[in-house]
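Following: one structure in structure tokens, then a few remarks.
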Amino acid sequence: MNKTQTQISKLISYWLRHKPEDGNIVLDEFGWGSIEDILAALKANNIESTQRDLIELSNSFDKVRWKIDEVNNKIKATHGHSIPILQELEPQTPPEILYHGTATKFLESILGSGLKSKQRQYVHLSETMAMAKEVGARHGKPFIIEVDTKKLIKEGWKFYKTEQNVWLTSEIPPQYLDVEP
Ligand code: HQG
């Protein structure tokens, strides 16, 4: 993916996850928007693109970020939302341990107030330590927190699996986190 492609994909993800109104895009309650609207919003930014281009762009990512419905010509972000969307997915039983990748500089605060979703609707968890490490490295020196999902499910937490091993859940208080700084 060249730089321009990266910029285009970030712009689309920004509309789909955070600010659809900036692109005059209307998302439904599940976060779906019409591809036509996205293409029009790109055009308003002097970017000529087609549905096929969007599919190719999506397929070029290092991980799944968008879901494209080619029958109904719709697109949605699979995760990362700050705008509230309803989950179409049923909650699923995750592996007994999931991992949250963060940065060492956040540890003290996480130990005090737990894992917060911050700007996002959900806390994001990974199935593998390797992926959690990558997620954490976006913020600084990575640190991986193990999350005991079995215990949380007993206490009523729900876990949603997005397309590619990204799990979404609600905020987690510190007593449920296995953190040894
Ligand atoms: C941290 C990317 C202080 C949290 C990724 C994280 C993911 C706290 C940061 C997805 C805290 C928020 C989401 C507390 C949590 N005090 N810091 N109490 N609780 N934090 O970017 O999970 O590549 O909003 O640990 O791969 O890093 O864009 O969340 O470090 O799947 O598709 O606050 O975004 O996906 O950062 O990333 P973020 P995240 P894409």
Side-chain angles (χ1 to χ4, degrees), residues 1-20 22-23 27 30-33 38 54-68 75-85 87-89 91-92 94-95 97-149 152 157-181:
M1 198 162 52
N2 62 39
K3 190 151 186 277
T4 321
Q5 297 294 88
T6 307
Q7 283 165 345
I8 295 171
S9 77
K10 288 200 167 169
L11 185 58
I12 297 171
S13 284
Y14 175 73
W15 292 326
L16 294 176
R17 291 172 167 183
H18 310 298
K19 283 250 174 190
D22 271 15
L27 302 182
F30 302 109
W32 288 104
I38 297 283
L54 292 195
I55 293 165
E56 276 173 21
L57 186 56
S58 177
N59 289 339
S60 75
F61 295 159
D62 54 335
K63 68 196 253 201
V64 175
R65 292 193 172 88
W66 305 336
K67 203 167 172 177
I68 294 178
I75 183 168
K76 70 176 281 186
T78 53
H79 61 274
H81 296 89
S82 57
I83 48 173
I85 58 151
Q87 279 302 329
E88 307 177 274
L89 308 164
Q92 287 187 49
I97 300 290
L98 286 175
Y99 304 95
H100 177 80
T102 189
T104 49
K105 65 183 173 201
F106 297 144
L107 267 188
E108 199 182 323
S109 170
I110 292 174
L111 281 172
S113 57
L115 271 183
K116 299 279 185 191
S117 55
K118 297 290 194 172
Q119 315 302 333
R120 312 215 190 236
Q121 188 187 6
Y122 291 101
V123 168
H124 288 58
L125 303 170
S126 309
E127 269 184 29
T128 64
M129 289 180 96
M131 200 202 244
K133 201 170 167 188
E134 272 181 38
V135 174
R138 289 159 46 250
H139 301 287
K141 187 165 179 250
F143 187 91
I144 297 168
I145 296 172
E146 290 194 9
V147 174
D148 180 344
T149 64
L152 287 166
W157 263 258
K158 303 261 186 283
F159 291 84
Y160 300 94
K161 183 181 185 164
T162 75
E163 292 293 295
Q164 197 195 42
N165 298 340
V166 177
W167 288 82
L168 306 176
T169 196
S170 312
E171 297 189 333
I172 306 173
Q175 63 268 28
Y176 295 105
L177 301 172
D178 186 5
V179 183
E180 285 160 37

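One-based numbering, in listed order, for ligands and for the atoms of each.
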Test log, rule ring pair (Phe, Tyr, Trp, His ring centres under 6.0 Å), inputs Y122 and W167: CA-CA 9 Å; Y122 291 101; W167 288 82; over 10 Å; no

Trace of the side chain to side chain contact (heavy atoms under 4.5 Å, CB included) decision for D62 with R65: CA-CA 9 Å; D62 54 335; R65 292 193 172 88; 3.0 Å; yes

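With S109, G136, P174 as candidates, the residue nearest to atom 14 (C) of ligand 1 on a non-hydrogen basis is S109.
Remark: ligand 1 atoms within the under-4.0 Å shell around heavy atoms of L115 are 15 (C), 19 (N). For ligand 1 and S113, the ligand atoms under 4.0 Å from any heavy atom of the residue are 18 (N). With ligand atoms numbered from 1 in the order given, ligand 1 contributes 2 (C), 5 (C), 21 (O), 27 (O), 34 (O), 37 (O), 39 (P) to contacts under 4.0 Å with heavy atoms of R138. If you number the atoms of ligand 1 from 1 as listed, the ones under 4.0 Å from a heavy atom of G114 come out as 11 (C), 14 (C), 18 (N), 19 (N). Using a 4.0 Å cut-off to heavy atoms of H79, the atoms of ligand 1 that qualify are 31 (O), 32 (O), 35 (O), 40 (P).
In this structure, T128 OG1 and K133 NZ are separated by 11.5 Å, a value rounded to the nearest 0.5 Å.
Nearest protein heavy-atom contact of atom 10 (C) of ligand 1 is H124 CD2, 3.6 Å. Atom 11 (C) of ligand 1 has as its closest protein heavy atom I110 CG1, 3.4 Å. From the protein, the heavy atom lying nearest to atom 4 (C) of ligand 1 is H100 NE2, 3.4 Å. For atom 15 (C) of ligand 1, the nearest non-hydrogen atom of the protein is K116 O, 3.4 Å. Here the protein heavy atom with the shortest distance to atom 23 (O) of ligand 1 is R65 NH2, 3.0 Å. Looking only at protein heavy atoms, the nearest one to atom 12 (C) of ligand 1 is K118 CG, 4.0 Å.
Remark: the D22 side chain and the Y14 side chain contain an N/O donor-acceptor pair separated by less than 3.5 Å.
Using a 4.0 Å cut-off between a side-chain N of Lys or Arg and a carboxylate O of Asp or Glu, K161 and E127 qualify as a salt bridge. Salt-bridge check for K76 with E88: passed, with a basic side-chain N closer than 4.0 Å to an acidic carboxylate O.
Ligand 1 has an N or O atom lying under 3.5 Å from an N or O atom of T102, backbone or side chain. Residue H139 has at least one nitrogen or oxygen atom sitting less than 3.5 Å from a nitrogen or oxygen atom of ligand 1, judged on distance alone. The N/O atoms of A103, backbone and side chain alike, include none that comes under 3.5 Å of an N/O atom in ligand 1. An N or O contact shorter than 3.5 Å links K63 to ligand 1 by distance.
Inter-residue side-chain proximity for H139 and F106 is flagged as met; some heavy-atom pair is nearer than 4.5 Å.
The two residues H124 and H100 have their closest heavy-atom pair at O-ND1, 2.9 Å. Closest approach of L89 to T162, counting heavy atoms only: CD1-CA, 4.2 Å.
Other residues, nucleotides and ligands place no more than 12 heavy atoms under 6.0 Å from the CD atom of Q119.
In this structure, G80 has no heavy atom closer than 4.0 Å to ligand 1.
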